[in-house]
Chemist: 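First, the structure itself, so that you have it in front of you.
Predicted model, so just to flag it, every value in this text is computed and none were measured.
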There are 2 protein chains.
Amino acid sequence: MMDEAAFLEQYDITAYRAPIATVDMAIFTVLEEQLQVLLYRRGEHPHKDRWALPGGIIDVGVDVDLEAAARRKLHGKTGVASPYLEQVATVGNGGRDPRGWSLSVLYFALLPAEGVTLSHGWGAAQAQWRPVTEDGVDMPLAFDHTELLTAAVQRLRGKVAYTALPAHLLGEEFTLSELQRVYEILLGRKIEKSAFRKRILDAGVVESAAGRKRTGANRPAQLYRRRQSASSHLFPRNLATGDL
Amino acid sequence: MMDEAAFLEQYDITAYRAPIATVDMAIFTVLEEQLQVLLYRRGEHPHKDRWALPGGIIDVGVDVDLEAAARRKLHGKTGVASPYLEQVATVGNGGRDPRGWSLSVLYFALLPAEGVTLSHGWGAAQAQWRPVTEDGVDMPLAFDHTELLTAAVQRLRGKVAYTALPAHLLGEEFTLSELQRVYEILLGRKIEKSAFRKRILDAGVVESAAGRKRTGANRPAQLYRRRQSASSHLFPRNLATGDL
DNA sequence: AAAATAGTGTCTGTCAGACACTATTGC
DNA sequence: GCAATAGTGTCTGACAGACACTATTTT
């Protein structure tokens with residue numbers, strides 16, 4: 001009979017043909033009144049010169065865990081360290097990558113457009129924001145990234161009406177009007193102002209910050225910031241006008 | 001300059017130290033008026049003799065995709081081929097498995113207790129249903145399976161009030177009273193009958209089946225069955241009495 | 001008739017949705 | 001004052017939640 005220490009001694013990890021393990025990122029922002037996603041043009045095989053979601057192979061020597069791998073990819077492309085990050089799903093099969101059976105963990109990130117400096121990183125020819133139309137982007141993508149992007153967009157859109165997630169698309173401080181505008185862009189329709197404000201404030205997902213924002217020939221607006229609970233909070237009912 | 005075919009030709013998949021890739025299953029049923037989860041006692045190292053969620057290493061030679069791997073594990077333990085299956089999350093880090101950096105994709109399955117014959121499968125000393133109390137089970141589990149189970153239970157509980165998922169815990173045909181009872185068990189509280197029936201029927205997630213069920217000295221109940229849309233449907237508002 | 005569960009009808013408080021109104025700034 | 005946006009108040013219809021009622025079976 002063998003104990004666990006002895007078992008591990010003789011265990012050969014390379015005896016198993018493991019799948020390729022990767023992380024892919026759908027990085028969203030709101031820019032020019034549109035939801036946009038960060039894509040880069042692949043500079044290496046496979047799918048060289050095609051547009052793709054940022055991502056890549058998990059490095060078990062560098063990444064302490066899955067989320068660290070995701071943050072590493074994100075930081076490399078945007079320079080942003082700690083945006084809102086959420087795991088969407090994992091896909092895995094023998095056909096999605098010509099290199100063999102591969103498994104990809106998909107994350108989405110939300111970040112404010114200001115302060116982001118896109119850098120190519122190695123292996124990427126270009127990186128740029130592309131507007132999201134309906135559930136995707138109007139260009140073919142490498143691998144199964146079209147499907148991955150659709151899944152990420154649907155997850156995001158599905159949560160908009162029930163959570164305070166869109167607040168992460170704005171900077172530290174923002175006005176309720178700005179927040180409402182982001183909701184409207186994500187939902188693709190107008191929201192009734194009074195109901196929106198009541199529900200956001202009642203939910204306690206934002207707190208007022210000192211100071212007001214003055215932009216033009218009009219009444220200045222109170223500034224707010226996210227509260228800690230903001231991301232996880234589920235509104236008891238729908239937030240925006242109209243169901244779903 | 002190399003084209004893609006030439007690239008793949010010289011590409012050596014074993015040059016990368018990939019994580020161990022596994023699938024774990026939280027298999028739920030309702031038995032004896034309680035939510036129960038299927039556990040098995042490990043017959044091999046590591047964590048020999050500890051209770052664990054069914055699962056194991058993905059076999060890229062056998063499993064065409066991730067879900068196939070999950071169904072293979074499920075079928076091996078229960079003999080059930082096609083229950084409700086949903087991906088919950090993926091965890092990965094260097095410390096959760098003594099064999100090395102490992103990555104586990106967690107699924108949960110819902111199935112009716114009738115007709116399930118538990119079999120050990122190889123590598124398992126015993127398999128049995130264990131009641132779920134609060135967010136877990138009252139025994140230590142192997143690896144990080146306590147956390148995995150908690151995640152699965154929370155996902156299930158979180159969706160109960162907004163979806164028709166609990167219908168998958170019953171057989172082909174069931175009465176509305178039986179369905180209501182399952183909801184009550186999962187939510188841990190009574191639901192008002194009239195409201196429950198109105199919302200289930202209005203949502204159109206079940207359809208009446210021919211025949212009625214007669215059990216005792218009382219009025220027989222109409223039988224219903226799930227409709228195709230049942231699993232994905234989101235109720236516009238909460239289904240059960242009381243929020244969340 | 002009694003017991004037991006199936007199934008329906010009605011009332012009420014709450015809240016989403018609509019809309020109109022007041023407030024505060026620059027010009 | 002006028003334009004423009006911030007922010008509030010009020011009415012109404014719909015529905016969740018509570019509760020009481022009717023219906024159908026066996027014993």
Side-chain angles (χ1 to χ4, degrees), chain A residues 33 160-164 170 173-185 187-225 233-244, chain B residues 33 160-164 170 173-184 187-225 234-244:
Chain A
E33 302 278 289
V160 168
Y162 298 94
T163 68
L170 295 167
E173 296 186 332
F174 47 85
T175 69
L176 289 188
S177 295
E178 288 167 348
L179 183 58
Q180 182 177 340
R181 188 74 196 109
V182 172
Y183 272 89
E184 289 173 342
I185 289 167
L187 291 170
R189 65 153 183 274
K190 292 286 178 191
I191 301 176
E192 207 288 314
K193 179 171 60 166
S194 162
F196 177 80
R197 300 172 78 94
K198 253 182 289 186
R199 302 213 46 213
I200 287 283
L201 293 176
D202 289 355
V205 291
V206 298
E207 60 187 3
S208 59
R212 294 159 165 277
K213 178 174 242 178
R214 59 192 69 219
T215 46
N218 51 36
R219 177 174 174 176
Q222 176 65 52
L223 287 169
Y224 291 84
R225 67 168 64 93
H233 183 272
L234 274 178
F235 294 104
R237 293 196 180 174
N238 202 324
L239 212 175
T241 297
D243 280 327
L244 206 147
Chain B
E33 301 277 288
V160 167
Y162 298 94
T163 68
L170 295 168
E173 296 186 331
F174 48 85
T175 70
L176 289 188
S177 297
E178 290 167 347
L179 184 58
Q180 183 177 340
R181 187 76 197 106
V182 173
Y183 272 89
E184 289 174 342
L187 292 169
R189 66 156 184 274
K190 291 286 179 191
I191 301 175
E192 208 287 315
K193 180 171 58 166
S194 161
F196 177 81
R197 300 173 76 95
K198 254 181 290 184
R199 302 212 46 212
I200 287 283
L201 294 176
D202 288 356
V205 291
V206 298
E207 59 186 5
S208 58
R212 294 159 166 276
K213 179 174 242 178
R214 58 193 70 218
T215 46
N218 50 37
R219 176 173 174 176
Q222 176 64 53
L223 287 169
Y224 291 85
R225 67 168 65 93
L234 273 176
F235 294 104
R237 293 194 181 175
N238 202 324
L239 211 176
T241 297
D243 280 327
L244 206 147

Chemist: With sequence neighbours excluded, what pairs up with A:Ala217 under the side-chain contact (heavy atoms from CB on, under 4.5 Å) test?
Modeler: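 If we apply the side-chain contact (heavy atoms from CB on, under 4.5 Å) test to A:Ala217, skipping adjacent residues, there are no hits.
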Chemist: Shortest non-hydrogen contact from B:Thr175 to B:Leu223?
Modeler: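 Distance-wise, the nearest heavy atoms are CG2-CD2, 4.0 Å.
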Chemist: How would nucleotides 4-12 of chain D be written as a contact map, 5' to 3', with B for base contact, S for sugar-phosphate-only contact and - for no contact, using protein heavy atoms under 4.0 Å?
Modeler: BBBBBBB--
Chemist: How close or far is atom P of C:dT5 from atom CD of B:Gln180, stated in whole angstroms?
Modeler: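 Rounded to whole Å, this separation is 13 Å.
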Chemist: Starting at OH of B:Tyr224, measure out to CD of B:Glu207 and round the result to the nearest 0.5 Å.
Modeler: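 So the gap between those two atoms works out to 11.0 Å.
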Chemist: List in chain and number order the residues that pass side-chain contact (heavy atoms from CB on, under 4.5 Å) with A:Arg197, two or more places apart in sequence or in another chain; answer none if no residue qualifies.
Modeler: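 If we apply the side-chain contact (heavy atoms from CB on, under 4.5 Å) test to A:Arg197, skipping adjacent residues, the hits are A:Leu176, A:Ser177, A:Lys193.
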Chemist: Main chain of B:Ala210, side chain of B:Gln222: is a donor-acceptor contact present, judged purely on distance under 3.5 Å?
Modeler: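 The answer is no, because no donor-acceptor pair under 3.5 Å joins these two groups.
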Chemist: So what does the secondary structure string of DNA chain C come out as, 5' to 3', with Watson-Crick or wobble pairs under 3.5 angstrom, [ ] for crossing and | for pairs with another strand?
Modeler: |||||||||||||||||||||||||||
Chemist: Who pairs with A:Glu184 by side-chain contact (heavy atoms from CB on, under 4.5 Å), at least two apart in sequence or on another chain?
Modeler: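 With neighbours one apart ignored, the set is A:Gln180, A:Arg181, A:Lys190, A:Ile191.
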Chemist: Which pair of heavy atoms, one from B:Val206 and one from B:Leu179, lies closest together, and at what distance?
Modeler: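 So the two residues come closest at CG1-CD2, 4.5 Å.
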Chemist: Does anything in residues 208-222 of chain A pair up under salt bridge (Lys or Arg N to Asp or Glu O under 4.0 Å), and if so which pairs, sequence neighbours excluded?
Modeler: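 Found A:Glu178-A:Lys213.
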